[in-house]
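Report on the structure given below.
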Amino acid sequence: MRESLFKMFGSFQIVQEVSGSTNQPSSTSSRKSASSTLASTTTTTTSSSSSSLSSSTATAISTSTSSLNSISNSNSHFPSTFPLSISVPTRTRSFVLTIPSSPISMSVPSPVRTHARKNSKYRIRHHRPRQLTNASQSQPQPQPQSYQHMLNGKKSKSQKLLCLWPLPVITRYIIVISVFLSALNFFDLIELKCSAPSYVIHRLEIANLFLSPFLFQFSLPTVLLFGWNVLILGLFEESLAHMLGNTRRFIKVLLGVVFTVCTTRQVIGYLFTKSTGWAVPLLFFSDSAHECSQGLAPFLFALLVVQSLNIEDKYILIYGDEDSHNKLTVHKVVLQFLMCLVNYTVKNILWWSLTGLLTGYMTTVLIQSWLAREKWYDHHYYRQQQIHQIQIQMQQQQQEGGGGEQEPEQEGEETKDMNEFIVQERYRRTPLWRILWFTMKKAAFVVGVTLSVLLICNSYHTREYLVEPATMNGMSNDRYMFTFVFMTAPRRSNPPYLTRTLESYLANWPVNPAPNSLYSRIQTVVYTHFTNHSQFDAARERFANDLKGQQYIRWIREEGDQLNQRLHVSKALDLVTDNMQTTYIALMEDDFPVCGAHEWREIENVIYKANQQVPNHCGIFVGTGGR
């Protein structure tokens with residue numbers, strides 16, 4: 001039993017399947033070398049059968065067109081050996097094998113594909129081509145059809161070992177910056193905290209906005225969560241840096257994502273509170289302005305959408321001995337999505353995550369546009385370089401052979417790397433709008449699935465929990481827990497607002513509360529300093545014979561007729577604080593009714609949460625309308 005378990009799990013390795021050859025652009029250095037030097041290439045002679053093409057796909061292949069063949073026939077001084085050439089007519093999609101009678105030695109340099117990681121360990125574990133089965137090796141496949149299949153949109157796949165140690169470059173720098181800033185904040189050398197749009201809009205905490213993502217507390221849960229997010233970032237850097245071409249491009253994308261998420265979050269917070277939220281209460285969401293960030297999580301959700309560019313890429317866990325072929329396969333997007341959801345085990349960050357998803361969607365479209373245009377440019381660039389090289393070699397061969405007539409210009413599409421040729425053909429033949437449309441559909445799918453799961457997590461974190469009155473009663477030992485001060489003054493046309501507001505509150509309180517219970521510690525003060533106030537008199541008469549009115553309401557009138565709201569509020573607060581021992585003073589307008597029993601319980605909830613989460617708070621604001 002022990003030997004069988006060791007044989008099954010004794011050795012394992014994680015391999016990632018990538019399709020970077022489709023999106024990976026050519027480097028600038030390769031372009032310069034292509035225009036200045038002529039690299040030597042190895043040509044392969046072939047027999048008369050065209051079926052040998054499938055067994056020599058790993059060999060460099062040089063191509064020529066039919067016009068070049070006609071030139072070769074007229075020059076008998078060329079050597080008698082001939083290379084295998086492939087002619088690609090511009091109006092057809094099939095490959096035609098032609099064998100010219102006299103060769104023209106062509107050297108077509110292809111861009112050297114290097115991964116962004118430069119360490120020696122990674123070079124040892126570089127790309128490993130997918131192994132073919134014995135059946136596929138014994139039975140040659142019709143290669144032109146497979147190439148044609150790839151031209152229609154299929155991406156060539158390759159496999160490489162997942163190497164996260166040493167950590168990727170950007171991940172290492174972020175760890176150093178985070179530890180440094182968190183240490184300074186821990187020793188009170190700087191003051192940082194989580195950022196919310198309310199802090200940025202009203203207090204202009206710009207520095208805290210851009211530095212708070214690197215902040216974590218020196219406690220076990222926060223350190224573990226920070227390490228988990230750093231691991232996710234390392235996976236993203238390892239995958240996306242390969243797709244984009246190098247680490248420098250990944251840095252540009254990451255910086256753009258950070259800046260866009262931070263700025264867009266402020267716009268969304270303002271839009272759903274003080275802008276559209278005030279005009280349309282249905283679109284008012286308090287969390288959109290007050291929800292704090294949580295480290296790197298919003299940026300990881302943005303990179304998750306960017307990963308949809310290569311949505312078919314996978315992680316493969318290979319375990320056991322070499323002959324067992326035991327493996328577990330999971331798509332990169334799925335694994336990274338599940339890892340990002342760990343951030344929701346701490347708190348709800350729906351608005352920050354939503355901002356990250358929107359930013360990732362826009363970034364994905366921009367990256368795909370940039371890559372498609374770069375491939376289109378490379379296609380035309382290499383075609384001109386190849387034509388120029390062919391002309392130079394023709395001139396050299398004519399000079400060595402004693403001269404001859406001038407050959408016409410080559411009009412083929414030459415490339416040494418067949419994968420690069422397939423990529424160029426795909427981008428040349430596919431319109432840009434279609435490439436962007438497919439990209440937008442894949443990104444929209446990732447955003448839709450992720451947002452659906454995040455809404456479920458949000459409903460869990462925001463599930464309704466109503467505090468019991470007995471629990472609230474133990475928050476303080478003052479004589480009164482709540483004193484509601486209703487400020488009232490004469491209004492035009494004398495609407496009965498005061499009476500309706502008092503009725504709405506009294507409807508939620510019992511007639512005879514138990515001694516020392518929460519409701520026995522609630523009182524209402526109706527305060528006015530106007531001698532002539534008809535609605536004050538009408539409300540006082542209405543509740544004079546009401547049992548609840550006698551239990552909860554106290555009527556206070558000061559003589560006068562001066563309209564000075566600031567003075568009146570100050571007098572009312574001084575009256576209550578000097579003469580009544582109360583924990584909370586609720587300052588109310590006479591037209592602030594409560595909508596029902598459920599809403600009254602929610603007010604109790606807000607007060608209880610404020611007492612638990614911020615014990616030394618100085619006040620609570622409860623607004624009407626919205627969420």
Side-chain angles (χ1 to χ4, degrees), residues 12-25 27 112-130 155-178 213 226-258 295-297 299-318 327-343 356 360 363-364 367-368 371 446:
F12 66 91
Q13 57 183 351
I14 301 178
V15 178
Q16 51 178 332
E17 185 180 72
V18 297
S19 54
S21 59
T22 301
N23 291 333
Q24 183 178 353
S27 61
V112 180
R113 299 181 179 275
T114 59
H115 194 270
R117 303 283 300 277
K118 302 297 183 184
N119 58 79
S120 58
K121 180 183 293 187
Y122 185 82
R123 287 182 176 274
I124 297 175
R125 301 176 179 180
H126 203 42
H127 296 286
R128 178 168 61 88
R130 179 180 293 179
K155 297 182 178 181
S156 59
K157 297 290 184 178
S158 62
Q159 294 178 355
K160 63 187 183 70
L161 289 177
L162 179 62
C163 181
L164 288 179
W165 187 261
L167 292 173
V169 179
I170 306 305
T171 305
R172 280 180 276 175
Y173 281 120
I174 288 181
I175 293 176
V176 173
I177 295 174
S178 300
F226 171 74
W228 183 259
N229 286 335
V230 165
L231 175 61
I232 303 174
L233 180 62
L235 292 176
F236 277 124
E237 182 179 354
E238 181 75 13
S239 177
L240 297 181
H242 174 73
M243 181 190 69
L244 297 173
N246 51 51
T247 304
R248 182 175 299 178
R249 292 179 175 180
F250 177 76
I251 294 175
K252 295 178 181 179
V253 172
L254 183 60
L255 291 178
V257 165
V258 172
L296 302 173
F299 315 130
L300 298 180
F301 280 102
L303 296 178
L304 176 67
V305 184
V306 177
Q307 183 64 55
S308 65
L309 285 172
N310 283 342
I311 198 170
E312 296 296 333
D313 288 357
K314 304 172 184 178
Y315 288 116
I316 304 174
L317 174 62
I318 303 175
K327 65 179 182 179
L328 295 176
T329 304
V330 61
H331 285 80
K332 286 185 177 181
V333 176
V334 176
L335 180 61
Q336 292 162 352
F337 166 64
L338 296 177
M339 295 178 70
C340 289
L341 286 182
V342 176
N343 289 277
T363 305
T364 302
I367 291 176
Q368 184 61 80
L371 291 176
V446 175

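The residues of the chain are indexed from 1 along the displayed sequence. Being a predicted model, the structure only gives us computed values, none of them experimental. Only this structure's heavy atoms are used, side chains among them; waters, hydrogens and symmetry mates stay out.
- With rounding to the nearest 0.5 angstrom, the CZ atom of Phe236 is 6.5 Å from the CD atom of Gln307.
- In terms of heavy-atom proximity, Lys314 sits nearest to Glu312 at CG-O, 3.3 Å.
- When every heavy atom of Gly360 is checked against every heavy atom of Val306, the shortest pair comes out as O-CG2, 4.0 Å.
- Between Ile311 and His331, the closest heavy-atom pair is O-CD2, 3.5 Å.
- In this structure, CD1 on Ile232 lies 9.0 Å from CG on Leu335, to the nearest 0.5 angstrom.
- At a threshold of 4.5 Å between non-hydrogen side-chain atoms, the residues Ile175 and Arg172 do not count as touching.
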Step by step, would you call Leu244 with Ile367 a side-chain contact (heavy atoms from CB on, under 4.5 Å)? CA-CA 9 Å; Leu244 297 173; Ile367 291 176; 3.7 Å; yes

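- Leu231 contributes atom CG, which lies 10.0 Å from atom CD of Gln336 (distance to the nearest 0.5 angstrom).
- Closest of all the heavy-atom pairs between Gly234 and Pro168 is O-CG, 3.8 Å.
- Across every non-hydrogen atom of Val333 and Leu304, the tightest pair is O-CD1, 3.6 Å.
- Once rounded to the nearest 0.5 Å, the distance linking OG of Ser308 with CG of Leu303 reads 11.0 Å.
- By the 4.5 Å heavy-atom criterion applied to side chains, Met243 and Asp313 are not counted as neighbours.
- Side-chain atoms of Val253 and Leu240, non-hydrogen and from C-beta on, never get closer than 4.5 Å to each other.
- Distance CG/Leu235 to CG/Leu300: 10.0 Å, rounded to 0.5 Å.
- Remark: Leu233 CG to Ile174 CD1 distance equals 4.5 Å, nearest 0.5 Å.
- At distances below 3.5 Å, at least one donor-acceptor pair connects side-chain atoms of Asn343 with backbone N or O atoms of Cys340.
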